[in-house]
Amino acid sequence: MRHNTHHLLFLFLINSLVSANLFAQNNYYVLHGDTITDHKVLFQKPFMNAQWCPVYDGTEIIQYSPSEVSICKTDNSLFVSAEIELDSEQKLVFLELLAEGRIKLYAYHANYDTYYLVQKPDNSFVFLEKPKKDKTGATLREQIFDITGTDETAIYLQRIKFNNNSLISAVNRLNHPKKWYRHAFGMGIQGGVIQHQMNQSTVTLGFLQKEEFIFNPDYSFSGGLVFDIPADPLRLVISPQYTYYSFLASTRNDNPKEVIGLFTDFNLFIETKMIMMPISLRYALHAGDFALYAGGGVHTSYQIQSKTMLRTSEVTNGPGFLIAFHSSQPIETRNKLHIGLLLETGMAYKLTERNHVHLGFSYTYQFTQTKSHLKKLNHNTNQLQFSLSILRSL
């Protein structure tokens with residue numbers, strides 16, 4: 001169906017629209033230039049409000065036409081009288097004002113369809129064409145981009161649908177860009193510091209003997225890429241990173257344990273190089289150029305290199321003297337792929353329209369299992385990460 005706007009005349013509209021006190025009122029109508037607030041304006045079905053302004057005066061409902069009433073304000077909607085050309089036919093109707101600012105968005109409700117019109121900064125009006133299923137026509141993004149005509153607005157016009165909520169959101173973003181933190185696919189670089197804290201670990205040795213170890217926390221640097229995929233109102237963030245860390249732990253008891261001879265002491269050394277893949281969903285609260293976000297997800301790690309050694313020192317009785325034995329036995333990784341849970345929070349700041357900086361904090365809980373013959377090591381790791389990343393919207 002082809003349609004265009006021949007002209008759009010607002011009767012007694014200019015003075016009323018610029019009047020802030022009118023918009024502060026919840027219910028009123030403008031009849032022949034006079035603003036009336038002591039009668040109740042009713043909301044009916046949208047296509048009926050497009051034809052009439054129903055007013056209850058206390059005794060009966062009066063239907064006013066667009067030629068009589070220039071503004072019809074219900075409790076939740078505002079309709080203005082306008083003349084449009086639709087299917088080569090001139091019509092005087094009520095248009096519903098959906099979004100206002102430098103660019104205004106209107107809707108005209110017919111019996112079986114809804115048409116959307118955009119008022120350009122030069123006060124001319126354009127119908128938005130519903131995208132064709134075969135994708136042969138212009139997309140909504142392309143149509144609105146042609147209306148605004150500036151590159152700066154392009155990043156706000158992704159994934160627009162032909163419905164009220166999506167179009168209102170798009171127009172509001174164009175009218176108030178500083179309220180929006182980012183609305184396009186972005187990628188960047190990330191660096192951070194990670195504290196790895198391995199929990200108490202138990203090594204099962206031969207003869208079903210178990211030893212508990214105490215680990216001190218280790219710190220490492222991480223670096224990698226960040227991919228930010230828009231999924232309003234959430235953000236899907238994928239962040240492949242590389243990190244290296246190592247642990248040295250001793251047995252839980254301070255006193256050596258008597259096993260074979262006088263005593264046997266154990267030390268455990270773990271060295272790991274990993275590619276980490278945190279995947280999280282974030283929700284952000286915006287305040288000007290700043291945004292506070294929080295989210296959670298999964299943390300996948302793959303060991304590209306791992307070395308675990310069990311170092312044993314044994315002192316036993318000899319014929320009149322003590323004999324000391326020292327040995328190191330490897331404990332090979334059973335699973336190279338590890339899964340954990342991730343919680344995160346942070347702050348983002350918009351440097352420019354397309355560039356953003358993030359300061360984040362995350363907590364990860366990860367489980368690992370390694371074994372070699374009769375030796376088995378079970379442990380889990382708590383990871384705290386402080387990160388700084390810079391992203392650019394594409």
Side-chain angles (χ1 to χ4, degrees), residues 189-205 210-226 237-257 265-280 296-313 326-346 358-372 375-389:
I189 58 175
Q190 175 174 285
V193 178
I194 304 180
Q195 181 197 64
H196 307 268
Q197 177 61 65
M198 188 174 294
N199 293 347
Q200 289 183 5
S201 299
T202 300
V203 177
T204 303
L205 306 175
K210 294 185 177 181
E211 291 290 337
E212 291 186 345
F213 291 84
I214 297 178
F215 292 88
N216 292 321
D218 182 65
Y219 297 86
S220 64
F221 292 96
S222 66
L225 302 176
V226 182
V237 180
I238 303 175
S239 178
Q241 305 171 37
Y242 170 83
T243 188
Y244 158 82
Y245 60 93
S246 62
F247 289 100
L248 178 63
S250 58
T251 50
R252 180 176 179 82
N253 295 327
D254 295 331
N255 297 322
K257 289 191 173 183
D265 193 16
F266 298 99
N267 288 280
L268 190 65
F269 175 78
I270 299 176
E271 179 182 24
T272 300
K273 296 179 181 179
M274 282 189 170
I275 294 293
M276 303 188 303
M277 185 79 75
I279 302 176
S280 62
V298 296
H299 187 283
T300 304
S301 299
Y302 182 80
Q303 292 180 343
I304 56 178
Q305 185 176 345
S306 181
K307 180 182 178 182
T308 303
M309 300 293 297
L310 179 63
R311 298 173 178 174
T312 304
S313 298
H326 304 281
S327 63
S328 296
Q329 299 179 7
I331 302 179
E332 298 179 0
T333 299
R334 179 184 183 185
N335 300 315
K336 291 184 175 296
L337 186 64
H338 310 290
I339 303 294
L341 298 178
L342 167 69
L343 294 175
E344 65 174 354
T345 185
H358 295 240
L359 180 64
F361 170 80
S362 65
Y363 166 77
T364 301
Y365 182 86
Q366 184 170 275
F367 176 78
T368 304
Q369 184 181 75
T370 59
K371 74 172 185 178
S372 177
K375 301 177 181 62
K376 183 169 66 173
L377 168 64
N378 291 303
H379 64 84
N380 44 48
T381 306
N382 298 306
Q383 298 178 359
L384 301 178
Q385 180 177 15
F386 296 89
S387 62
L388 179 68
S389 58

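- Between T364 and L342, the shortest heavy-atom contact is OG1-CD1, 3.4 Å.
- Atom CG of residue L343 and atom NE2 of residue H299 lie 12.0 Å apart, to the nearest 0.5 angstrom.
- With hydrogens and angles disregarded, no donor-acceptor distance shorter than 3.5 Å links the side chain of D218 to the backbone of H196.
- F386 places none of its side-chain heavy atoms less than 4.5 Å from the side chain of Q195.
- Between T243 and I194, the shortest heavy-atom contact is OG1-CD1, 4.3 Å.
- Of all heavy-atom pairs spanning F215 and Q197, the tightest one is O-NE2, 3.5 Å.
- Within the model, atoms OG1 of T272 and OH of Y245 stand 4.5 Å from one another, a figure rounded to the nearest 0.5 Å.
- For the atom pair T300 OG1 and I275 CD1, the distance stands at 12.5 Å (nearest 0.5 Å).
- Distance check: M276 CE to Q383 CD gives 6.0 Å after rounding to the nearest 0.5 Å.
- More than 12 heavy-atom neighbours from other residues, nucleotides or ligands sit within 6.0 angstrom of CD1 on I304.
- Residue S362 holds its OG atom at 4.5 Å from CD of Q385, rounded to the nearest 0.5 Å.
- Taking the side chain as every heavy atom from C-beta outward, M274 and Q366 approach each other to under 4.5 Å.
- Around OH of Y242, the count of heavy atoms belonging to other residues, nucleotides or ligands within 6.0 Å exceeds 12.
- Using a 3.5 Å distance cut-off with no hydrogens or angles, the side chains of S239 and Q241 do pair a donor with an acceptor.
- Taking CG of L359 as the reference point, atom OG of S387 lies at 7.0 Å (rounded to 0.5 Å).
- Using a 4.5 Å cut-off on side-chain heavy atoms (C-beta onward), Y244 and E271 make contact.
- Using a 4.5 Å heavy-atom cutoff, the side chains of L384 and F361 are in contact.
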